[in-house]
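Heads up, the thing below is written out as structure tokens.
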Amino acid sequence: MAPAPGRTWAGNLAYSAGELVEPTSIDELAEVMGGAARVRVLGSRHSFNRVADTTGTLVGLRRLPTGLEVDRERGVVRAGAGLTYGEVGVRIQEEGWALHAMASLPHITVGGAVATGSHGSGDGAASLAEGVAAVEIVTTGGEQVRLERGDPDFGGAVVSLGMLGAVTVVELDVEPTYDVAQTVYEGLTWDRVVEDLDAVTGLGTSVSVFTDWRDPDRATQVWVKDRVDRPRGGDGAVGALGLRPADGPRHMIRGGRPEHCTPQGGVPGPWLDRLPHFRMGFTPSAGEELQSEWLLPRRAVGPALEQLRGMADELAGLALSAEMRTVSRGRQWLDPAQEDSVAFHVTWRREQPAVEALLPRIEEGLEPLGARPHWGKLFDERALARRIEELYPQRGRMLELAARLDPRGALRNDYLERVGL
């Protein structure tokens with residue numbers, strides 16, 4: 001008996017599909033993709049909306065062969081799209097290689113993460129999609145297509161929202177392995193962030209500022225991850241910003257268990273054990289939760305914080321944690337980081353009606369600042385549809401590419417209609 005389609009990672013949504021099929025070979029996958037009237041592909045289910053949903057057939061990739069091979073001459077690793085970033089990291093680290101960035105969760109699949117524009121943090125660090133050199137796709141015609149950096153259509157190939165087919169292979173840029181030291185600081189005020197964002201985000205290779213909005217004036221923690229071979233931070237900047245090191249390990253959610261998080265205290269360790277926020281062997285974040293995120297032009301940090309601070313009481317009632325990160329401009333047509341951006345992420349309590357009621361009010365203030373929501377999280381989808389041509393100038397090219405690779409529209413779903421794609 002075929003497995004049931006099931007629910008999203010957080011359990012907030014049940015998939016609408018009539019069946020879940022898990023092919024064991026590319027030939028089987030091609031047969032499923034070519035025969036289904038409606039079809040979508042699952043990654044790690046770490047989405048909080050219906051981006052991966054369909055009323056037809058859901059395809060899971062976890063039973064496909066998941067080979068991994070480093071091409072030293074080209075500086076890429078060829079990996080099955082169903083592998084998680086944690087799995088890829090462990091295997092390339094053993095061979096002395098590393099990736100340029102990691103998301104906060106190593107548990108998410110490579111194919112699903114890049115398809116929705118997921119990212120890590122840091123000045124000069126673009127989204128995970130920018131580290132992709134090539135993808136191989138099985139289309140709804142059952143054909144195998146390869147798109148690589150430099151091809152005219154590559155701008156739509158990676159952050160594709162599943163509109164092109166089933167991505168089976170992703171080639172990722174690699175570099176020699178490196179160590180990172182992670183330190184958590186406290187004492188940062190939002191006024192200091194607005195006064196000198198560059199100083200805050202320049203504290204390390206990757207910087208995350210956390211709050212739960214119980215105090216509208218102060219952040220709760222600043223997580224600084226700095227490459228040992230290319231240190232960016234310094235005691236002078238830490239002192240100037242009024243920061244002090246935490247007196248022990250921290251979880252960004254009040255009451256959360258710090259041992260679930262990657263090692264802190266400034267102790268160096270391999271990149272894959274420091275760049276994510278969470279250890280691979282533990283439940284990330286809060287588990288049963290909801291998430292939203294908006295990326296705004298970096299220059300908009302002041303008015304964005306003014307808007308959010310003004311809603312602190314409402315946010316604090318629903319937010320388990322909130323995070324501010326920076327992301328560099330990407331080149332993918334649907335990358336939410338269309339320019340150097342500051343990202344505001346919220347991990348919500350799993351109270352979906354209340355969260356969805358609050359989203360339009362948040363976006364009312366962020367929309368005039370150029371906010372683009374993360375494709376896989378909760379946001380006002382119809383509000384995005386009204387602005388999508390303005391926010392994504394290459395939308396037309398993306399729709400043309402999708403129509404070419406999926407001419408019968410088998411990959412279309414209600415989510416794409418609602419967001420204007």
* Asked: Hey, is CD on Glu175 packed in by over 12 heavy atoms from elsewhere, all under 6.0 Å?
  -> yes

* To do: Search all heavy atoms of Arg91 against all heavy atoms of Gly67 and return the closest pair with its distance.
  => NH2-C, 4.4 Å

* Please determine if Arg372 forms a cation-pi arrangement with Tyr392, meaning its NZ or CZ atom is less than 6.0 Å from the six-membered ring centre and no more than 45° off the ring axis. => yes

* Any donor-acceptor pair under 3.5 Å from Asp406 side chain to Ala403 backbone -> no

* Interatomic distance, Glu306 atom CD to Met311 atom CE [nearest 0.5 angstrom] -> 13.0 Å

* Any ion pair linking Glu259 and Arg279 (charged N to carboxylate O, less than 4.0 Å)? -> no

* Quick one: are Pro297 and Asp340 in side-chain contact, heavy atoms under 4.5 Å? -> no

* Asked: Can you tell me if CD on Glu364 sees more than 12 non-hydrogen neighbours from other groups inside 6.0 Å?
  -> no

* **Any donor-acceptor N or O pair under 3.5 Å, side chains Asp335, Ser127** => yes

* ring-ring contact (aromatic ring centres under 6.0 Å, His included) assessment of Trp190 paired with Trp213 -> CA-CA 11 Å; Trp190 290 118; Trp213 292 115; 5.5 Å; yes

* **Close side-chain approach of Trp333 and Arg397, heavy atoms under 4.5 Å** => yes

* Are the side chain of Asp151 and the backbone of Phe154 linked by a donor-acceptor contact shorter than 3.5 Å? -> no

* Which class fits the ring pair His46 and Trp9: parallel under 30°, tilted 30 to 60°, perpendicular over 60°? -> perpendicular

* Please check if the distance between the ring centroids of Phe379 and Trp294 is under 6.0 Å. => no

* Structure fact -> Shortest non-hydrogen pair, Phe278 vs His107, comes out as CB-CE1, 4.3 Å

* Asked: Rounded to the nearest 0.5 Å, how far apart are CE of Met163 and CG of Leu334?
  -> 7.0 Å

* Flag, side chain of Arg309 to backbone of Pro216, donor-acceptor distance under 3.5 Å -> yes

* For Glu195, does the CD atom sit with more than 12 other heavy atoms under 6.0 Å from it, leaving out its own atoms? -> yes

* Would a 4.5 Å heavy-atom cut-off, applied to side chains only, mark His277 and Ser208 as touching? -> yes

* Non-hydrogen side-chain atoms of Leu128 and Val114 separated by less than 4.5 Å -> yes

* Could you tell me whether Arg299 and Glu339 have a side-chain N and a carboxylate O separated by less than 4.0 Å? => yes

* Asked: What heavy-atom pair brings Ala133 and Asp173 nearest, and what distance separates the two atoms?
  -> CB-OD1, 3.7 Å

* Pairing of Arg325 and Glu293 as salt bridge, 4.0 angstrom limit -> yes

* Could you grab the distance from atom CG of Leu99 to atom CG of Leu275, nearest 0.5 Å is fine? => 9.0 Å

* To do: Verify the neighbour count for atom CZ of Arg382: are there more than 12 heavy atoms of other residues, nucleotides or ligands below 6.0 Å?
  => no

* Asked: Just wondering, more than 12 heavy atoms not from Asp313 lying within 6.0 Å of its CG?
  -> no

* Asked: Where the side chain of Glu356 meets the backbone of Glu351, is there a donor-acceptor pair that is under 3.5 Å apart?
  -> no

* Asked: With a 4.5 Å limit on heavy-atom distance, are the side chains of Leu20 and Leu42 in contact?
  -> yes

* Asked: Can you tell me if Arg250 uses its side chain to pair, donor with acceptor, with the backbone of Gly248 under 3.5 Å?
  -> yes

* Asked: Does the side chain of Glu186 pick up a donor-acceptor pair with the side chain of Thr220 at under 3.5 Å?
  -> no

* Parallel, tilted or perpendicular, as decided by the 30° and 60° cut-offs, for the rings of Trp375 and Tyr415 -> perpendicular

* Asked: Does a donor on one side chain sit under 3.5 Å from an acceptor on the other, for Glu289 and Thr347?
  -> no

* To do: Give a yes or no on whether a salt bridge exists between Arg218 and Asp191, defined as a side-chain N under 4.0 angstrom from a carboxylate O.
  => no

* To do: Evaluate the side-chain proximity of Ile108 to Thr84: yes if any heavy-atom separation is below 4.5 Å, no if none is.
  => no

* Indicate yes or no: does Arg227 engage Asp179 in a salt bridge with an N to O separation below 4.0 Å. => no

* Check whether the side chains of His345 and Ser292 place a donor and an acceptor atom closer than 3.5 Å, and report yes or no. => no

* To do: Decide, yes or no, whether a salt bridge links Asp153 with Arg404 under the criterion of side-chain N to carboxylate O below 4.0 Å.
  => yes

* Side-chain donor-acceptor pair present, Glu130, His100, cut-off under 3.5 Å -> no

* Asked: Are any of the side-chain nitrogens in Glu363 or Arg361 under 4.0 Å away from the carboxylate oxygens of its partner?
  -> no

* **Straight-line distance of Leu378 CG to Leu359 CG, nearest 0.5 Å** => 6.5 Å

* Asked: Atom CD1 of Ile137 and atom CG of Leu164: how far apart are they, to the nearest 0.5 Å?
  -> 5.0 Å

* Asked: Do NZ/NE/NH1/NH2 and the carboxylate oxygens of Asp380 and Arg386 come within less than 4.0 Å?
  -> no

* Asked: Less than 4.0 Å between a side-chain N and a carboxylate O, is that true for Arg349 and Glu288?
  -> no

* Asked: So, are Glu136 and Arg78 salt-bridged, with charged N and O less than 4.0 Å apart?
  -> yes

* To do: Give a yes or no answer on whether the side chain of Ser328 reaches the backbone of Gly124 with a donor-acceptor pair at less than 3.5 Å.
  => yes

* **Check: Thr201 side chain, Leu197 main-chain N or O, donor-acceptor pair, under 3.5 Å** => yes

* Distance from Arg62 atom CZ to Ser44 atom OG, nearest 0.5 Å? -> 13.0 Å

* Contact check, side chains of Thr116 and Val159, non-hydrogen atoms, under 4.5 Å -> no

* Are any of the side-chain nitrogens in Asp226 or Arg274 under 4.0 Å away from the carboxylate oxygens of its partner? -> no

* To do: Please check if any side-chain donor atom of Gln93 sits under 3.5 Å from a side-chain acceptor atom of Glu95, or the reverse.
  => no

* Hey, does the side chain of Gln144 reach the backbone of Val138 with a donor-acceptor pair shorter than 3.5 angstrom? -> no

* Ignoring hydrogens and angles, state whether a donor on the side chain of Thr189 or Asp217 is under 3.5 Å from an acceptor on the partner side chain. => no

* To do: Might you confirm whether atom CD of Glu389 has over 12 heavy atoms from other residues, nucleotides or ligands at distances under 6.0 Å?
  => no

* Is a side-chain donor-acceptor pair under 3.5 Å present for Asp123 with Thr326? -> yes

* Just do the salt bridge (Lys or Arg N to Asp or Glu O under 4.0 Å) check on Arg149 and Glu171 with the steps written out, would you? => CA-CA 10 Å; Arg149 192 179 286 142; Glu171 292 185 357; over 6 Å; no

* To do: Quick one: do Asp212 and Arg254 satisfy salt bridge (Lys or Arg N to Asp or Glu O under 4.0 Å)? Show the steps, please.
  => CA-CA 8 Å; Asp212 57 12; Arg254 289 180 192 255; 2.3 Å; yes

* Any Leu296 side-chain heavy atom under 4.5 Å of Leu366 side chain -> yes

